[in-house]
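One structure below.
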There are 2 protein chains.
Amino acid sequence: MLIFVLMLSFTEENYLKSLFQLTVETALKEEAGTNELAAHLGVKPATANDMLKKLKEKKLIKYEKYGKSSLTKEGKKIAIDVIRKHRLWETFLFEKLEFSWDEVHEVAEQLEHIQSKKLIDQLDKLLNYPVSDPHGDPIPNAKGELLILHQHTLAEELVGHQCKMTGVKDNSSAFLKYVDQLGLAINKNIKVIARHHYDDLIEIEVNGKRISVSPKFAENIFVVCTACKKKSKR
Amino acid sequence: MLIFVLMLSFTEENYLKSLFQLTVETALKEEAGTNELAAHLGVKPATANDMLKKLKEKKLIKYEKYGKSSLTKEGKKIAIDVIRKHRLWETFLFEKLEFSWDEVHEVAEQLEHIQSKKLIDQLDKLLNYPVSDPHGDPIPNAKGELLILHQHTLAEELVGHQCKMTGVKDNSSAFLKYVDQLGLAINKNIKVIARHHYDDLIEIEVNGKRISVSPKFAENIFVVCTACKKKSKR
DNA sequence: TTAATTTGTTAGACTAGCCTAACAATAATA
DNA sequence: TATTATTGTTAGGCTAGTCTAACAAATTAA
Ligand SMILES: [Mn+2]
Ligand SMILES: [Mn+2]
Ligand SMILES: [Mn+2]
Ligand SMILES: [Mn+2]
(Lines give C-alpha, C1' and ligand atoms only; values in the text may rest on other atoms or scores of the structure.)
(Ligands and ions follow the chains in the order given, each with its own letter.)
Protein backbone atom coordinates (compact mmCIF):
# COMPACT_ATOMS: atom_id res chain seq x y z
CA MET A 1 0.00 0.00 0.00
CA LEU A 2 1.31 3.37 -0.97
CA ILE A 3 0.80 6.16 1.48
CA PHE A 4 0.27 9.51 -0.15
CA VAL A 5 2.01 12.24 1.75
CA LEU A 6 0.78 15.63 0.69
CA MET A 7 4.01 17.58 0.71
CA LEU A 8 3.34 21.29 1.09
CA SER A 9 5.74 24.15 0.41
CA PHE A 10 6.66 26.70 3.08
CA THR A 11 4.42 29.15 1.27
CA GLU A 12 1.40 26.86 1.24
CA GLU A 13 1.88 26.13 4.94
CA ASN A 14 2.03 29.84 5.65
CA TYR A 15 -1.24 30.49 3.84
CA LEU A 16 -2.99 27.79 5.87
CA LYS A 17 -1.54 29.13 9.09
CA SER A 18 -2.64 32.68 8.28
CA LEU A 19 -6.13 31.57 7.39
CA PHE A 20 -6.32 29.67 10.67
CA GLN A 21 -5.17 32.68 12.65
CA LEU A 22 -7.70 34.93 10.94
CA THR A 23 -10.60 32.57 11.55
CA VAL A 24 -10.54 29.66 14.00
CA GLU A 25 -8.00 31.07 16.40
CA THR A 26 -9.69 34.38 16.93
CA ALA A 27 -13.09 32.67 16.74
CA LEU A 28 -14.71 35.90 15.64
CA LYS A 29 -15.55 34.52 12.21
CA GLU A 30 -15.45 31.31 10.26
CA GLU A 31 -14.01 32.67 7.03
CA ALA A 32 -11.66 35.34 5.73
CA GLY A 33 -11.55 37.50 2.60
CA THR A 34 -8.87 37.47 -0.06
CA ASN A 35 -7.58 40.99 0.63
CA GLU A 36 -7.52 40.37 4.35
CA LEU A 37 -5.53 37.19 3.93
CA ALA A 38 -3.15 38.87 1.48
CA ALA A 39 -2.55 41.72 3.93
CA HIS A 40 -1.89 39.27 6.78
CA LEU A 41 0.70 37.47 4.65
CA GLY A 42 2.25 40.61 3.23
CA VAL A 43 1.45 39.78 -0.41
CA LYS A 44 -0.82 41.38 -3.01
CA PRO A 45 -4.42 40.21 -3.41
CA ALA A 46 -3.66 38.88 -6.90
CA THR A 47 -1.01 36.61 -5.42
CA ALA A 48 -3.29 35.32 -2.69
CA ASN A 49 -6.00 34.70 -5.25
CA ASP A 50 -3.73 32.32 -7.19
CA MET A 51 -2.90 30.42 -4.04
CA LEU A 52 -6.53 30.17 -2.93
CA LYS A 53 -7.35 28.37 -6.17
CA LYS A 54 -4.45 26.04 -5.68
CA LEU A 55 -5.35 25.22 -2.07
CA LYS A 56 -8.95 24.65 -3.06
CA GLU A 57 -7.73 22.20 -5.72
CA LYS A 58 -5.83 20.37 -2.99
CA LYS A 59 -9.00 20.28 -0.85
CA LEU A 60 -7.35 22.22 1.98
CA ILE A 61 -9.71 25.17 1.88
CA LYS A 62 -13.24 26.00 0.84
CA TYR A 63 -13.30 28.82 -1.67
CA GLU A 64 -15.67 30.07 -4.34
CA LYS A 65 -15.07 32.95 -6.71
CA TYR A 66 -15.94 36.26 -5.02
CA GLY A 67 -16.59 34.40 -1.78
CA LYS A 68 -14.73 34.20 1.52
CA SER A 69 -12.37 31.31 2.32
CA SER A 70 -12.24 28.81 5.16
CA LEU A 71 -10.19 25.77 6.05
CA THR A 72 -11.37 22.21 5.44
CA LYS A 73 -10.81 19.63 8.16
CA GLU A 74 -7.58 18.56 6.49
CA GLY A 75 -6.43 22.16 6.06
CA LYS A 76 -7.16 22.86 9.70
CA LYS A 77 -5.13 19.83 10.74
CA ILE A 78 -2.12 21.07 8.82
CA ALA A 79 -2.47 24.63 10.12
CA ILE A 80 -2.59 23.38 13.71
CA ASP A 81 0.47 21.24 13.10
CA VAL A 82 2.42 24.26 11.86
CA ILE A 83 1.29 26.27 14.88
CA ARG A 84 2.29 23.42 17.20
CA LYS A 85 5.75 23.40 15.67
CA HIS A 86 6.03 27.19 15.85
CA ARG A 87 5.14 27.34 19.52
CA LEU A 88 7.22 24.36 20.57
CA TRP A 89 10.24 25.89 18.84
CA GLU A 90 9.57 29.24 20.55
CA THR A 91 9.42 27.44 23.88
CA PHE A 92 12.63 25.57 23.12
CA LEU A 93 14.49 28.74 22.20
CA PHE A 94 13.23 30.44 25.33
CA GLU A 95 13.73 27.58 27.78
CA LYS A 96 16.88 25.95 26.48
CA LEU A 97 18.76 28.49 24.39
CA GLU A 98 18.50 31.67 26.44
CA PHE A 99 16.42 33.58 23.88
CA SER A 100 14.22 36.36 25.20
CA TRP A 101 10.52 36.32 24.38
CA ASP A 102 10.93 39.06 21.80
CA GLU A 103 13.56 37.10 19.86
CA VAL A 104 11.86 33.74 19.49
CA HIS A 105 9.17 34.46 16.92
CA GLU A 106 11.42 35.36 14.00
CA VAL A 107 13.47 32.18 14.26
CA ALA A 108 10.38 30.03 14.88
CA GLU A 109 8.98 31.34 11.59
CA GLN A 110 11.78 29.43 9.91
CA LEU A 111 11.85 26.37 12.17
CA GLU A 112 8.10 25.72 11.92
CA HIS A 113 8.56 24.34 8.41
CA ILE A 114 11.05 21.59 9.24
CA GLN A 115 9.52 18.22 8.38
CA SER A 116 10.15 15.50 10.93
CA LYS A 117 7.55 13.99 13.17
CA LYS A 118 10.17 12.49 15.43
CA LEU A 119 11.91 15.84 15.81
CA ILE A 120 8.83 17.64 17.03
CA ASP A 121 7.66 14.85 19.31
CA GLN A 122 11.07 14.59 20.93
CA LEU A 123 11.23 18.34 21.33
CA ASP A 124 7.86 18.18 23.06
CA LYS A 125 9.22 15.52 25.39
CA LEU A 126 12.45 17.43 26.09
CA LEU A 127 10.39 20.45 27.08
CA ASN A 128 8.15 18.27 29.22
CA TYR A 129 5.00 18.73 27.14
CA PRO A 130 4.48 22.45 27.63
CA VAL A 131 0.94 23.80 27.31
CA SER A 132 1.81 27.36 26.41
CA ASP A 133 4.59 29.24 24.66
CA PRO A 134 6.60 32.24 25.95
CA HIS A 135 3.81 34.59 24.87
CA GLY A 136 1.14 32.67 26.74
CA ASP A 137 -0.32 31.12 23.58
CA PRO A 138 -1.61 27.55 23.90
CA ILE A 139 0.44 24.78 22.26
CA PRO A 140 -1.58 22.13 20.39
CA ASN A 141 -0.79 18.61 21.59
CA ALA A 142 0.47 15.73 19.43
CA LYS A 143 -3.10 14.78 18.55
CA GLY A 144 -3.75 18.25 17.16
CA GLU A 145 -5.98 19.31 20.03
CA LEU A 146 -5.75 23.02 20.69
CA LEU A 147 -7.22 24.79 23.65
CA ILE A 148 -8.99 27.86 22.37
CA LEU A 149 -9.99 29.93 25.32
CA HIS A 150 -10.99 33.51 25.05
CA GLN A 151 -8.99 35.61 27.36
CA HIS A 152 -10.13 39.13 27.74
CA THR A 153 -7.72 42.01 27.55
CA LEU A 154 -6.59 44.54 30.08
CA ALA A 155 -8.55 47.15 28.11
CA GLU A 156 -11.78 45.40 29.06
CA GLU A 157 -10.96 45.00 32.75
CA LEU A 158 -13.08 46.92 35.23
CA VAL A 159 -11.74 49.59 37.54
CA GLY A 160 -10.95 48.24 40.98
CA HIS A 161 -10.52 44.67 39.74
CA GLN A 162 -7.45 42.59 40.37
CA CYS A 163 -6.26 40.42 37.47
CA LYS A 164 -3.33 38.37 36.30
CA MET A 165 -1.53 38.73 33.00
CA THR A 166 -1.81 35.55 30.90
CA GLY A 167 -0.39 36.53 27.55
CA VAL A 168 0.02 39.05 24.77
CA LYS A 169 -1.89 39.61 21.55
CA ASP A 170 0.82 41.51 19.69
CA ASN A 171 3.95 39.40 19.25
CA SER A 172 6.18 42.08 17.77
CA SER A 173 9.59 42.57 19.27
CA ALA A 174 8.91 46.28 19.78
CA PHE A 175 5.79 45.65 21.84
CA LEU A 176 7.34 42.84 23.87
CA LYS A 177 10.36 44.94 24.80
CA TYR A 178 8.01 47.71 25.91
CA VAL A 179 6.13 45.25 28.10
CA ASP A 180 9.44 44.19 29.67
CA GLN A 181 10.36 47.82 30.25
CA LEU A 182 7.15 48.50 32.15
CA GLY A 183 7.87 45.57 34.46
CA LEU A 184 4.98 43.54 33.13
CA ALA A 185 5.22 39.82 32.40
CA ILE A 186 3.09 36.71 32.22
CA ASN A 187 1.64 35.81 35.64
CA LYS A 188 2.15 39.30 37.08
CA ASN A 189 -0.73 40.58 39.14
CA ILE A 190 -2.29 43.78 37.88
CA LYS A 191 -4.81 45.98 39.61
CA VAL A 192 -6.84 48.46 37.62
CA ILE A 193 -6.73 51.68 39.59
CA ALA A 194 -8.48 54.16 37.35
CA ARG A 195 -9.48 55.11 33.85
CA HIS A 196 -8.60 58.66 32.94
CA HIS A 197 -11.25 59.78 30.55
CA TYR A 198 -9.42 62.93 29.59
CA ASP A 199 -6.79 61.02 27.61
CA ASP A 200 -8.13 57.46 27.89
CA LEU A 201 -5.10 56.21 29.80
CA ILE A 202 -5.60 53.28 32.13
CA GLU A 203 -3.84 53.49 35.44
CA ILE A 204 -2.73 50.17 36.85
CA GLU A 205 -0.72 48.91 39.78
CA VAL A 206 1.93 46.30 39.16
CA ASN A 207 4.95 45.34 41.28
CA GLY A 208 3.58 47.74 43.89
CA LYS A 209 4.04 50.66 41.49
CA ARG A 210 1.47 52.70 39.61
CA ILE A 211 1.79 53.25 35.87
CA SER A 212 -0.48 54.43 33.12
CA VAL A 213 -0.88 52.60 29.84
CA SER A 214 -2.61 53.52 26.60
CA PRO A 215 -5.74 51.74 25.33
CA LYS A 216 -3.69 50.43 22.40
CA PHE A 217 -1.25 48.90 24.85
CA ALA A 218 -3.97 47.48 27.11
CA GLU A 219 -5.73 45.84 24.16
CA ASN A 220 -2.67 43.72 23.59
CA ILE A 221 -2.37 42.34 27.10
CA PHE A 222 -4.44 39.27 27.93
CA VAL A 223 -5.55 38.93 31.53
CA VAL A 224 -7.69 36.70 33.66
CA CYS A 225 -9.71 38.40 36.32
CA THR A 226 -8.81 36.99 39.70
CA ALA A 227 -11.81 38.63 41.27
CA CYS A 228 -14.72 37.74 38.99
CA LYS A 229 -13.30 34.38 37.84
CA LYS A 230 -15.79 34.27 34.99
CA LYS A 231 -15.20 31.68 32.29
CA SER A 232 -15.06 32.77 28.69
CA LYS A 233 -14.12 31.49 25.28
CA ARG A 234 -11.54 32.97 22.90
CA MET B 1 26.90 52.71 7.32
CA LEU B 2 24.85 50.07 5.66
CA ILE B 3 25.96 46.53 6.15
CA PHE B 4 25.37 44.33 3.11
CA VAL B 5 24.24 40.91 4.13
CA LEU B 6 24.52 38.56 1.22
CA MET B 7 21.39 36.50 1.69
CA LEU B 8 21.72 33.15 -0.03
CA SER B 9 18.93 30.73 -0.92
CA PHE B 10 18.90 27.14 0.34
CA THR B 11 19.89 26.09 -3.15
CA GLU B 12 22.87 28.41 -3.35
CA GLU B 13 24.06 27.24 0.09
CA ASN B 14 23.79 23.65 -1.07
CA TYR B 15 25.92 24.28 -4.14
CA LEU B 16 28.66 25.86 -2.02
CA LYS B 17 28.52 23.00 0.47
CA SER B 18 28.75 20.41 -2.29
CA LEU B 19 31.68 22.15 -3.91
CA PHE B 20 33.42 22.29 -0.55
CA GLN B 21 32.86 18.59 0.06
CA LEU B 22 34.17 17.68 -3.39
CA THR B 23 37.31 19.76 -3.00
CA VAL B 24 38.64 21.15 0.28
CA GLU B 25 37.18 18.54 2.55
CA THR B 26 38.57 15.55 0.71
CA ALA B 27 41.75 17.48 -0.07
CA LEU B 28 42.39 15.34 -3.13
CA LYS B 29 41.83 18.26 -5.46
CA GLU B 30 41.31 21.99 -5.47
CA GLU B 31 38.50 22.16 -8.02
CA ALA B 32 35.52 20.19 -9.30
CA GLY B 33 33.88 19.78 -12.70
CA THR B 34 30.36 20.79 -13.63
CA ASN B 35 29.08 17.25 -14.21
CA GLU B 36 30.65 16.02 -11.01
CA LEU B 37 29.04 18.81 -9.01
CA ALA B 38 25.67 18.24 -10.70
CA ALA B 39 25.80 14.54 -9.89
CA HIS B 40 26.69 15.26 -6.26
CA LEU B 41 23.69 17.58 -5.96
CA GLY B 42 21.30 15.35 -7.89
CA VAL B 43 20.62 17.88 -10.67
CA LYS B 44 21.39 17.93 -14.39
CA PRO B 45 24.62 19.53 -15.66
CA ALA B 46 22.65 22.26 -17.43
CA THR B 47 21.16 23.27 -14.10
CA ALA B 48 24.50 23.34 -12.33
CA ASN B 49 25.95 25.37 -15.17
CA ASP B 50 23.41 28.14 -14.62
CA MET B 51 24.18 28.24 -10.91
CA LEU B 52 27.93 28.30 -11.45
CA LYS B 53 27.55 31.49 -13.49
CA LYS B 54 25.41 32.99 -10.77
CA LEU B 55 27.82 32.09 -7.96
CA LYS B 56 30.73 33.43 -9.98
CA GLU B 57 28.81 36.69 -10.37
CA LYS B 58 28.44 36.83 -6.58
CA LYS B 59 32.18 36.19 -6.22
CA LEU B 60 31.63 33.01 -4.24
CA ILE B 61 33.39 30.71 -6.69
CA LYS B 62 36.04 30.85 -9.36
CA TYR B 63 34.72 29.57 -12.66
CA GLU B 64 35.61 29.97 -16.33
CA LYS B 65 33.71 28.54 -19.25
CA TYR B 66 34.79 24.93 -19.87
CA GLY B 67 36.95 25.05 -16.76
CA LYS B 68 36.69 23.50 -13.29
CA SER B 69 35.23 25.41 -10.34
CA SER B 70 36.58 26.24 -6.92
CA LEU B 71 35.47 28.27 -3.92
CA THR B 72 36.70 31.78 -3.21
CA LYS B 73 37.64 32.68 0.35
CA GLU B 74 34.14 34.10 0.89
CA GLY B 75 32.51 31.02 -0.66
CA LYS B 76 34.58 28.77 1.55
CA LYS B 77 33.53 30.72 4.63
CA ILE B 78 29.86 30.24 3.81
CA ALA B 79 30.31 26.55 3.00
CA ILE B 80 32.05 25.96 6.33
CA ASP B 81 29.26 27.80 8.13
CA VAL B 82 26.64 25.54 6.56
CA ILE B 83 28.68 22.48 7.50
CA ARG B 84 29.04 23.77 11.06
CA LYS B 85 25.29 24.13 11.32
CA HIS B 86 24.68 20.71 9.78
CA ARG B 87 26.99 18.92 12.19
CA LEU B 88 25.87 20.82 15.27
CA TRP B 89 22.27 19.94 14.47
CA GLU B 90 23.20 16.29 13.92
CA THR B 91 24.91 16.31 17.30
CA PHE B 92 21.91 17.95 18.93
CA LEU B 93 19.49 15.41 17.47
CA PHE B 94 21.74 12.58 18.58
CA GLU B 95 22.62 13.86 22.04
CA LYS B 96 19.42 15.55 23.11
CA LEU B 97 16.57 14.12 21.07
CA GLU B 98 17.32 10.41 21.05
CA PHE B 99 17.90 10.17 17.31
CA SER B 100 20.14 7.34 16.09
CA TRP B 101 23.16 8.18 13.94
CA ASP B 102 21.42 6.96 10.81
CA GLU B 103 18.45 9.30 11.32
CA VAL B 104 20.20 12.61 11.91
CA HIS B 105 21.49 13.49 8.46
CA GLU B 106 18.15 13.85 6.70
CA VAL B 107 16.76 16.28 9.26
CA ALA B 108 20.04 18.20 9.48
CA GLU B 109 19.81 18.78 5.71
CA GLN B 110 16.80 20.94 6.49
CA LEU B 111 18.01 22.53 9.72
CA GLU B 112 21.36 23.63 8.28
CA HIS B 113 19.64 26.45 6.38
CA ILE B 114 18.05 28.19 9.37
CA GLN B 115 19.44 31.70 9.67
CA SER B 116 20.22 32.81 13.20
CA LYS B 117 23.67 33.34 14.57
CA LYS B 118 22.41 33.28 18.13
CA LEU B 119 20.62 29.98 17.56
CA ILE B 120 23.70 28.17 16.38
CA ASP B 121 26.02 29.65 18.99
CA GLN B 122 23.63 28.75 21.79
CA LEU B 123 23.23 25.26 20.38
CA ASP B 124 27.01 24.94 20.41
CA LYS B 125 27.04 26.02 24.05
CA LEU B 126 24.19 23.67 25.02
CA LEU B 127 26.14 20.78 23.51
CA ASN B 128 29.30 21.92 25.28
CA TYR B 129 31.23 22.85 22.15
CA PRO B 130 31.49 19.42 20.55
CA VAL B 131 34.40 18.79 18.20
CA SER B 132 32.86 16.00 16.16
CA ASP B 133 29.41 14.88 15.05
CA PRO B 134 27.79 11.44 15.48
CA HIS B 135 29.59 10.20 12.37
CA GLY B 136 32.98 11.27 13.63
CA ASP B 137 33.19 14.27 11.30
CA PRO B 138 34.88 17.39 12.70
CA ILE B 139 32.67 20.37 13.59
CA PRO B 140 34.01 23.79 12.54
CA ASN B 141 34.18 26.21 15.47
CA ALA B 142 32.47 29.61 15.68
CA LYS B 143 35.45 31.24 13.95
CA GLY B 144 35.08 28.93 10.97
CA GLU B 145 38.15 26.89 11.78
CA LEU B 146 37.82 23.32 10.63
CA LEU B 147 40.18 20.54 11.54
CA ILE B 148 40.92 18.65 8.36
CA LEU B 149 42.86 15.56 9.27
CA HIS B 150 43.24 12.69 6.94
CA GLN B 151 42.10 9.54 8.54
CA HIS B 152 42.89 6.41 6.66
CA THR B 153 40.30 3.74 6.13
CA LEU B 154 40.04 0.21 7.37
CA ALA B 155 40.70 -0.89 3.79
CA GLU B 156 44.23 0.52 4.02
CA GLU B 157 45.07 -0.98 7.40
CA LEU B 158 47.80 -3.60 7.52
CA VAL B 159 47.25 -7.19 8.61
CA GLY B 160 48.09 -7.74 12.25
CA HIS B 161 47.59 -4.08 13.17
CA GLN B 162 45.33 -2.91 15.93
CA CYS B 163 43.28 0.22 15.20
CA LYS B 164 40.38 2.24 16.49
CA MET B 165 37.33 3.30 14.50
CA THR B 166 37.07 7.11 14.27
CA GLY B 167 34.28 7.70 11.77
CA VAL B 168 32.49 6.76 8.59
CA LYS B 169 32.83 8.05 5.05
CA ASP B 170 29.40 6.96 3.81
CA ASN B 171 26.62 8.67 5.78
CA SER B 172 23.69 6.78 4.28
CA SER B 173 21.17 5.24 6.61
CA ALA B 174 21.58 1.84 4.95
CA PHE B 175 25.32 1.78 5.57
CA LEU B 176 25.08 3.09 9.13
CA LYS B 177 22.51 0.48 10.10
CA TYR B 178 24.77 -2.21 8.66
CA VAL B 179 27.65 -0.89 10.76
CA ASP B 180 25.42 -1.09 13.85
CA GLN B 181 24.43 -4.63 12.96
CA LEU B 182 28.04 -5.78 12.78
CA GLY B 183 28.68 -4.40 16.27
CA LEU B 184 30.96 -1.66 14.99
CA ALA B 185 30.86 1.91 16.30
CA ILE B 186 33.06 4.94 16.77
CA ASN B 187 35.88 4.25 19.25
CA LYS B 188 35.64 0.47 18.91
CA ASN B 189 38.96 -1.32 18.70
CA ILE B 190 39.48 -3.33 15.56
CA LYS B 191 42.25 -5.80 14.79
CA VAL B 192 42.95 -6.78 11.22
CA ILE B 193 43.32 -10.55 11.27
CA ALA B 194 43.70 -11.43 7.60
CA ARG B 195 43.05 -10.50 4.04
CA HIS B 196 41.48 -13.23 2.02
CA HIS B 197 42.78 -12.77 -1.48
CA TYR B 198 40.38 -15.27 -2.95
CA ASP B 199 37.37 -12.93 -2.51
CA ASP B 200 39.10 -9.82 -1.14
CA LEU B 201 37.28 -9.99 2.19
CA ILE B 202 39.03 -8.49 5.19
CA GLU B 203 38.79 -10.45 8.39
CA ILE B 204 38.74 -8.36 11.52
CA GLU B 205 38.28 -8.88 15.22
CA VAL B 206 35.90 -6.61 17.08
CA ASN B 207 34.16 -7.12 20.43
CA GLY B 208 36.20 -10.32 20.73
CA LYS B 209 34.48 -11.76 17.66
CA ARG B 210 35.81 -12.33 14.17
CA ILE B 211 33.91 -11.08 11.17
CA SER B 212 34.70 -10.54 7.52
CA VAL B 213 33.89 -7.33 5.68
CA SER B 214 34.01 -6.40 2.02
CA PRO B 215 36.52 -3.88 0.60
CA LYS B 216 33.61 -1.59 -0.20
CA PHE B 217 32.58 -1.69 3.45
CA ALA B 218 36.13 -1.22 4.75
CA GLU B 219 36.68 1.81 2.51
CA ASN B 220 33.91 3.59 4.35
CA ILE B 221 35.24 3.06 7.86
CA PHE B 222 37.81 5.57 9.10
CA VAL B 223 40.34 4.27 11.60
CA VAL B 224 43.41 5.44 13.42
CA CYS B 225 46.16 2.91 13.85
CA THR B 226 46.92 2.44 17.54
CA ALA B 227 50.09 0.58 16.75
CA CYS B 228 51.89 2.73 14.23
CA LYS B 229 50.57 6.08 15.54
CA LYS B 230 51.68 7.83 12.37
CA LYS B 231 50.35 11.30 11.78
CA SER B 232 48.61 12.06 8.53
CA LYS B 233 46.53 14.71 6.85
CA ARG B 234 43.12 14.27 5.27
C1' DT C 1 46.40 12.90 -35.82
C1' DT C 2 42.00 11.65 -36.65
C1' DA C 3 37.92 9.62 -34.47
C1' DA C 4 35.28 8.58 -30.51
C1' DT C 5 34.00 9.63 -25.96
C1' DT C 6 33.36 12.56 -22.27
C1' DT C 7 32.42 16.91 -20.47
C1' DG C 8 30.35 21.26 -20.60
C1' DT C 9 27.20 24.90 -22.71
C1' DT C 10 23.18 26.92 -24.86
C1' DA C 11 18.43 27.46 -26.12
C1' DG C 12 13.99 26.92 -24.98
C1' DA C 13 10.35 25.32 -21.90
C1' DC C 14 8.08 24.62 -17.49
C1' DT C 15 6.37 25.59 -12.43
C1' DA C 16 6.00 28.23 -8.14
C1' DG C 17 5.50 32.46 -6.31
C1' DC C 18 5.46 36.98 -6.77
C1' DC C 19 4.17 41.60 -9.11
C1' DT C 20 1.23 45.57 -11.76
C1' DA C 21 -2.54 47.17 -14.35
C1' DA C 22 -7.03 46.69 -15.90
C1' DC C 23 -11.35 45.18 -14.95
C1' DA C 24 -15.59 42.95 -12.68
C1' DA C 25 -18.52 42.00 -8.82
C1' DT C 26 -20.26 43.17 -4.46
C1' DA C 27 -21.26 46.20 -0.71
C1' DA C 28 -21.97 50.70 1.18
C1' DT C 29 -23.90 55.16 0.84
C1' DA C 30 -26.22 59.05 -0.85
C1' DT D 1 -32.08 52.96 -6.47
C1' DA D 2 -28.15 54.88 -8.50
C1' DT D 3 -23.56 56.04 -7.51
C1' DT D 4 -19.38 55.28 -5.26
C1' DA D 5 -16.14 52.65 -2.76
C1' DT D 6 -14.41 48.31 -1.67
C1' DT D 7 -13.18 43.86 -2.68
C1' DG D 8 -11.83 40.31 -5.70
C1' DT D 9 -10.31 38.48 -10.37
C1' DT D 10 -7.82 38.21 -14.67
C1' DA D 11 -4.14 38.87 -17.88
C1' DG D 12 0.40 39.27 -18.56
C1' DG D 13 5.15 39.63 -16.93
C1' DC D 14 9.23 38.62 -13.87
C1' DT D 15 12.81 35.51 -11.34
C1' DA D 16 14.68 31.21 -9.41
C1' DG D 17 15.36 26.73 -10.22
C1' DT D 18 14.61 22.92 -12.71
C1' DC D 19 14.33 20.07 -17.13
C1' DT D 20 15.34 18.20 -22.28
C1' DA D 21 17.49 18.41 -26.63
C1' DA D 22 20.92 20.05 -29.50
C1' DC D 23 25.41 21.29 -29.86
C1' DA D 24 30.45 22.58 -28.87
C1' DA D 25 34.84 21.91 -26.60
C1' DA D 26 38.20 19.07 -24.54
C1' DT D 27 40.07 14.75 -23.65
C1' DT D 28 41.10 9.99 -24.64
C1' DA D 29 41.87 6.23 -27.62
C1' DA D 30 42.78 4.26 -31.97
MN1 LIG E 1 5.36 33.49 17.17
MN1 LIG F 1 4.19 32.71 20.43
MN1 LIG G 1 25.14 14.65 7.55
MN1 LIG H 1 27.63 13.92 9.95
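Below, each value reflects all heavy atoms present in this structure, side chains not excepted, and no hydrogens, waters or symmetry copies. As the structure is a computational prediction, the values presented were derived from the model and not from experiment.
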Do any N or O atoms of the protein come closer than 3.5 Å to N or O atoms of nucleotides 18-23 of chain D, and which pairs are they?
| from | atom 1 | to | atom 2 | distance (Å) |
| --- | --- | --- | --- | --- |
| D:dC19 | OP2 | B:K44 | N | 3.0 |
| D:dC19 | OP2 | B:T47 | OG1 | 2.6 |

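If you take CG of B:L52 and C1' of C:dT7, they are 13 Å apart, rounded to a whole angstrom. Rounded to an integer number of Å, the gap from B:E64 CD to C:dT7 C1' is 17 Å. Summarising the geometry, the separation between CZ on A:F10 and C1' on D:dA16 is reported as 15 Å, rounded to the nearest angstrom. If you measure from atom CD of A:E31 to atom P of D:dG8, you get 11 Å, rounded to the nearest angstrom. The nearest whole Å value for the distance from the OH atom in B:Y66 to the C1' atom in D:dT27 is 13 Å. As rounded to whole Å, 11 Å separates atom P of D:dA24 from atom NZ of B:K65. Atoms CG (A:N49) and P (C:dA16) sit 16 Å apart, rounded to a whole Å. The separation between A:L37 atom CG and D:dT7 atom P is 14 Å, rounded to whole Å.
Looking at residues two or more places apart in sequence or on another chain, you find no salt bridge (charged side-chain N to carboxylate O under 4.0 Å, His left out) involving B:E31.
In this model, the phosphate group of D:dT9 is not approached by any side-chain N or O of A:K53 to a distance below 4.0 Å at OP1 or OP2. For A:N35, a side-chain nitrogen or oxygen approaches OP1 or OP2 of D:dG8 to under 4.0 Å.
Closest approach of A:T91 to A:S132, counting heavy atoms only: OG1-O, 4.0 Å.
Taking the six-membered ring where tryptophan is involved, the planes of A:F175 and A:F217 are tilted, since the angle between them lies from 30° to 60°.
Donor-acceptor pairing under 3.5 Å is recorded for the side chains of A:W101 and A:D180.
Sorted by first and then second residue, the salt bridge (Lys or Arg N to Asp or Glu O under 4.0 Å) pairs with a member in residues 35-46 of chain A read A:K29-A:E36; sequence neighbours excluded.
Residue B:E112 is tested with B:K17, B:K85, B:R87 for a salt bridge (charged side-chain N to carboxylate O under 4.0 Å, His left out); the sole match is B:K17.
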